[in-house]
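Quick notes on the structure that follows.
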Amino acid sequence: MKSSLSPIKRQRCCTQLLHPYDHSGITASFLKSFSSSLGSTSRHALPQIRCTSSSSSSSSSSSLLKDSTFVPPSNNWPACRKDQSSSRTSLSSPSSSSSIHTNHFSTATNNNDTSSSSSSSPFPHLRPPNIKDVHIFQKIMNYRPGSVITTLGKQEGIEDEDEDILKRYNVDWTHRYQGNSSLLLRPQTTNELSQILSHCHKNYIGIVPQGGNTSLVGGSTPISNTEIILSLEKFNTIHSFDTDNGIVTVDAGVILSTLQSTISERYGYLIPIDIGSKGSCQIGGNVSTNAGGQYYYRFGSLHANVLGVEVVTAKGDVLDLMSCNRKDNTGYDLKHLFIGAEGTLGIITKIALSCPKLPTSRQAALLQCPTFNDVRTTLSTAKEKLGEILSAFEFMDYEVVSLVQQQQQQTVLIEEEDDESDNPFFLLVETQGSNSEHDREKMEQFLECCMEDGFV
Ligand SMILES: Cc1cc2nc3c(=O)[nH]c(=O)nc-3n(C[C@H](O)[C@H](O)[C@H](O)COP(=O)(O)OP(=O)(O)OC[C@H]3O[C@@H](n4cnc5c(N)ncnc54)[C@H](O)[C@@H]3O)c2cc1C
């Protein structure tokens, strides 16, 4: 059997096979390393999405954003494409040179009143919240302690510690994006949220919804003092689990890792998303960014697994799209508009998610390939030899692994004597199934084939 693996690497490969690897640790380290390696990079160099309207007029798109008026999809529906030129989501018409920043939630209906907004604000039609608004929000949330955090009206006895709390919510996880909002709201019910948005809508006040604040691209932090930070953290109940169908109904603010452990320990099911930020990010944030992660290969995107959502629109209307039917082919499937919308079309408050059974057999192998072509061949071999049990296929290059290792010294994948030019591509292959003997046999056949053919 010819193989490009050194004896040490072969041994490591077998060890990983016996003791499944914690991928999410790698992903977390990867994210940390990645963000620190970008330390001096401006936000304009980061990946973004720009939506471009295919129609000559942007009016339908604008009304959708400002009024949350739902326009049925038509030929005028904006088409999305990846664009590296702007760090913020924007929607523009080819006929217009201006673009509307949309990943911050504009709840206002028109731009008549600009008197009190800051002239340097990127949202000139919005006004900053004032102490009168604060009193209204306090009333909406029954003066519940911690529900309104503000530096407005400090002289009226607002706690000093509010300033420290606000600072934390104004900065993102990477510390690259810093806002200066003076008001944080933490509603607890859909009704409270609806009243808050309705008030903001009528008074030209902007909102930025915030989940776990891990999005890495500044989407969850304010960029001016005209925005209120609206945290979803108090929406933190796991409502029910349907054991016949494997469907969980959960509040948007539940932390992903809490949801994962509850569903696996209590019911023996798996949440079909797992990402490095799982200890902080919220399921509502995951749905709003259509986050992927290591199970993407096996279970598909959240578009495939979210069965229903409850959403509060900019006007404060509550949309109940909480269908729990796996097969529901009646009319438009509006929930998909909110998956990946990053809060631009409404705030997600509740989610129904389809969950697969927890696997009883799980294996992982860490491989190294000499060329990228070998990576591709390994993928097609994995599909052929592992078939239905292949659950994850993650690729990392030498530079990424070195960065992880620098940040997290206990992760030793590259040893001193290793030469980058030998095997610069790392692969993490995982299987999940229900028969360990059968799955193990398949994994061994796959590894043998890869080594015999010399592409690992
Ligand atoms: C487009 C995108 C894709 C990503 N994909 C991945 C991935 O595949 N794998 C990975 O490991 N990490 C990914 N990340 C990084 C990050 O860990 C995830 O985005 C995570 O899902 C964010 O969750 P969060 O609760 O921290 O949301 P936040 O960072 O707080 O918010 C993210 C965005 O969603 C909005 N938002 C948050 N909650 C709600 C809500 N309830 N209703 C409406 N809008 C809301 C915010 O305004 C913001 O625009 C991605 C980030 C982005 C921006």
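Residues take their numbers from the sequence shown, with the count starting at 1. Whatever order the structure lists ligands and atoms in, that order sets their numbers, starting from 1. Worth knowing before you read on, the calculation uses all heavy atoms, side chains too, and leaves out hydrogens, waters and symmetry mates.
Phe395 is linked by a ring pair (Phe, Tyr, Trp, His ring centres under 6.0 Å) to Phe372, Phe425, counting only residues two or more places apart in sequence or in another chain.
Between Ile229 and Leu185, the closest side-chain pair of non-hydrogen atoms is not below 4.5 Å. Looking at Val287 and Phe338, their side chains never come closer than 4.5 Å, going by heavy atoms from C-beta outward.
Here the side chain of Asn245 pairs no donor or acceptor atom with the backbone of Asp242 at under 3.5 angstrom. Formation of a donor-acceptor pair under 3.5 Å by the Asp133 side chain with backbone atoms of Pro129 is not found in this model.
Those atoms of ligand 1 that come under 4.0 Å of a heavy atom in Leu232, given as number and element, are 41 (N). Numbered from 1 in the order shown, with element, the atoms of ligand 1 that lie under 4.0 Å from a heavy atom of Ile347 read 42 (N), 43 (C). Annotation for ligand 1: atoms under 4.0 Å from non-hydrogen atoms of Gly293 are 8 (O), 9 (N). If you number the atoms of ligand 1 from 1 as listed, the ones under 4.0 Å from a heavy atom of Gln282 come out as 24 (P), 25 (O).
For Gly211, a nitrogen or oxygen atom sits less than 3.5 Å from a nitrogen or oxygen atom of ligand 1, counting backbone and side chain alike. Residue Gln210 has no nitrogen or oxygen atom sitting less than 3.5 Å from a nitrogen or oxygen atom of ligand 1, judged on distance alone. Here's the thing with Ala291: none of its N/O atoms is less than 3.5 angstrom from an N/O atom of ligand 1.
Heavy-atom proximity to atom 23 (O) of ligand 1, evaluated over Pro209, Gly219, Cys281, is greatest for Cys281. Among Gly285, Gly292, Gly343, Ser280, the residue whose heavy atom lies nearest to atom 38 (N) of ligand 1 is Gly285. Nearest residue to atom 15 (C) of ligand 1 from Thr214, Ile275, Val217 is Thr214 (criterion: closest heavy atom). The option with the heavy atom closest to atom 45 (C) of ligand 1, from among Ser288, Ala341, Gly212, is Ser288.
Between the side chains of Asp439 and Ser361, at least one donor N or O sits under 3.5 Å from an acceptor N or O.
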Name every donor-acceptor pair, under 3.5 Å, that has one atom in a side chain of residues 348-357 and the other anywhere in the protein, sequence neighbours excluded.
residue: Thr349; atom: OG1; partner: Glu310; partner atom: O; Å: 3.1
residue: Thr349; atom: OG1; partner: Glu310; partner atom: OE1; Å: 2.6
residue: Ser354; atom: OG; partner: Arg326; partner atom: NH1; Å: 3.2
residue: Ser354; atom: OG; partner: Arg326; partner atom: NH2; Å: 3.2

Audit row: Ile273, Leu256, side-chain contact (heavy atoms from CB on, under 4.5 Å) steps and yes/no: CA-CA 9 Å; Ile273 171 171; Leu256 178 59; 4.1 Å; yes
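Ligand 1 lies within reach of Gly346, whose nearest heavy atom is under 4.0 Å from it.
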